[in-house]
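Heads up, the thing below is written out as structure tokens.
Basis for what follows: all heavy atoms, side chains included, without hydrogens, waters or symmetry-related copies.
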Amino acid sequence: MTAALWTAKLERPLTEGEEAVLLAALPPERRKRLPRRRTQWREPLCAYGLLRAALRERYGWQELPAMSLTARGKPYFQDFPQVQFSLSHTDGAVLVGLSDQPVGVDIERIRPPGPHLLRRMGEDFSPEAFFQIWVRREARAKCGGEGVSALLRPEPPLEPGEIYCPVETFPGYAAGAAVRGTDLPGSPRALSLEELLRAGAPLGP
């Protein structure tokens with residue numbers, strides 16, 4: 001199965017009702033990982049809403065299966081290990097990738113990076129150049145099932161069967177996808193927030 005991507009721009013806050021719908025669709029183990037501040041819930045809730053929408057479109061699934069974490073913290077569907085996924089969120093946007101092989105995606109709003117990050121990366125970059133490198137490294141780390149610490153080590157060359165491609169999403173954002181053993185994903189399917197909410201909500205009885 002060729003890897004496929006979905007993305008959405010979050011152009012307004014969620015209403016209490018919309019937040020409640022997305023929260024109800026979130027597996028209990030993922031609710032525990034939401035940020036403490038409720039004002040920071042929009043992006044992670046919408047990322048899982050977009051994952052739900054992608055799984056419904058690709059497989060006809062009506063709810064998110066139970067998830068577990070690998071020893072390095074990569075989430076996976078414990079009952080469907082053949083369905084690989086990756087999701088990412090940043091201020092105002094979310095991105096999801098699906099494949100039958102390892103996949104990693106990342107999206108970042110372009111902004112001035114902190115000086116400590118620039119020092120750790122070892123060079124002085126423009127914000128856009130910095131985040132193009134950052135999303136590549138994070139997407140590859142996710143694809144390989146590695147933790148955040150991998151981002152601050154020297155980046156290894158691509159391995160045989162590993163593919164990386166930048167992803168065009170929205171102005172002011174950098175995004176990328178890494179996959180193994182498959183073709184390059186095409187352009188992401190872009191959903192509006194309203195489409196995400198409709199597609200990512202649980203079905204009624």
Side-chain angles (χ1 to χ4, degrees), residues 1 3-69 73-100 103-109 135 138-139 142-143 167-177 185-205:
M1 178 186 75
L5 305 174
W6 288 257
T7 190
K9 185 79 164 60
L10 314 179
E11 300 192 3
R12 61 169 176 81
L14 297 174
T15 66
E16 288 187 8
E18 290 166 345
E19 185 180 276
V21 166
L22 291 175
L23 187 61
L26 197 64
E29 65 270 19
R30 305 311 294 175
R31 293 181 201 174
K32 298 176 183 177
R33 297 173 65 87
L34 285 172
R36 290 187 177 183
R37 294 183 181 179
R38 192 160 183 161
T39 55
Q40 298 175 342
W41 283 10
R42 180 182 68 164
E43 279 73 11
L45 284 177
C46 286
Y48 281 98
L50 184 62
L51 175 60
R52 187 186 183 95
L55 291 167
R56 183 174 295 178
E57 180 178 318
R58 191 82 169 191
Y59 301 107
W61 294 0
Q62 304 306 325
E63 60 184 30
L64 289 176
M67 297 181 190
S68 294
L69 297 176
K74 181 178 175 63
Y76 67 97
F77 298 130
Q78 57 194 44
D79 296 326
F80 302 93
Q82 73 277 15
V83 178
Q84 303 273 324
F85 71 93
S86 180
L87 68 166
S88 178
H89 57 81
T90 188
D91 183 18
V94 293
L95 178 65
V96 162
L98 291 179
S99 181
D100 60 355
V103 59
V105 302
D106 190 48
I107 186 168
E108 296 288 344
R109 182 178 64 84
V135 298
E138 184 155 351
K142 288 180 176 181
C143 183
V167 175
E168 291 292 329
T169 55
F170 312 106
Y173 289 84
S187 298
R189 173 161 153 65
L191 276 65
S192 67
L193 178 56
E194 285 66 30
E195 290 172 325
L196 182 156
L197 290 165
R198 287 195 300 270
L203 294 179

What distance do M67 atom CE and D79 atom CG have between them, rounded to the nearest 0.5 Å? 12.0 Å
Taking K142's backbone N and O only, do any of them form a donor-acceptor pair with K74's side chain (distance below 3.5 Å, no angle check)? yes
Testing the basics here: between A177 and P185, what is the closest heavy-atom pair and its distance to 0.1 Å? CB-CG, 4.2 Å
Looking only at atom types and distance, does a side-chain atom of S99 sit under 3.5 Å from a main-chain N or O of Q84, one as donor and one as acceptor? no
Hey, mind stepping through D100 and Q82 against side-chain contact (heavy atoms from CB on, under 4.5 Å) and telling me if it holds? CA-CA 6 Å; D100 60 355; Q82 73 277 15; 5.8 Å; no
Residues which pass side chain to side chain contact (heavy atoms under 4.5 Å, CB included) with L69, listed by chain and number, not counting sequence neighbours: R30, R33, P75
With a cut-off of 6.0 Å (strictly less than), are more than 12 heavy atoms of other residues, nucleotides or ligands near CD of E194? yes
Measure the NE2-CD1 distance between H89 and I107 for me, rounded to the nearest 0.5 Å. 11.5 Å
So L197 and L14, side-chain contact (heavy atoms from CB on, under 4.5 Å) or not? Walk me through it. CA-CA 10 Å; L197 290 165; L14 297 174; 4.3 Å; yes
Is the backbone of G92 close enough, under 3.5 Å, to the side chain of E43 for a donor and an acceptor to pair up by distance? yes
Could you work out, with ring pair (Phe, Tyr, Trp, His ring centres under 6.0 Å) as the rule, every residue matching F77, not counting sequence neighbours? W61, F85
Minimal heavy-atom distance between R56 and A199, with the atoms involved, is NH1-O, 3.2 Å
From the options L196, L191, L51, L87, select the one residue that forms a side-chain contact (heavy atoms from CB on, under 4.5 Å) with C46. L196
Step-by-step side-chain contact (heavy atoms from CB on, under 4.5 Å) determination, E19 to L45: CA-CA 8 Å; E19 185 180 276; L45 284 177; 3.6 Å; yes
Given 3.5 Å as the limit, does a donor-acceptor pair link the side chain of Q78 with the main chain of Y76, or not? no
Flag, side chain of R42 to backbone of R12, donor-acceptor distance under 3.5 Å: yes
Check whether R52 reaches the backbone of Q62 with its side chain - one donor and one acceptor, N or O, closer than 3.5 Å. yes
Please report the C-alpha distance between Y173 and L95 in whole Å, then the side-chain angles of each, then the deciding distance to 0.1 Å, and finally whether the side-chain contact (heavy atoms from CB on, under 4.5 Å) criterion is met. CA-CA 11 Å; Y173 289 84; L95 178 65; over 6 Å; no
Pick one: which of L50, V83, V96 meets side-chain contact (heavy atoms from CB on, under 4.5 Å) with L55? V83
Backbone of L23 reached by a side-chain donor or acceptor of Y48 within 3.5 Å: no
L5 side, atom CG; S86 side, atom OG - distance, nearest 0.5 Å: 9.5 Å
Would you please name every residue forming a ring pair (Phe, Tyr, Trp, His ring centres under 6.0 Å) with F170, sequence neighbours left out? none
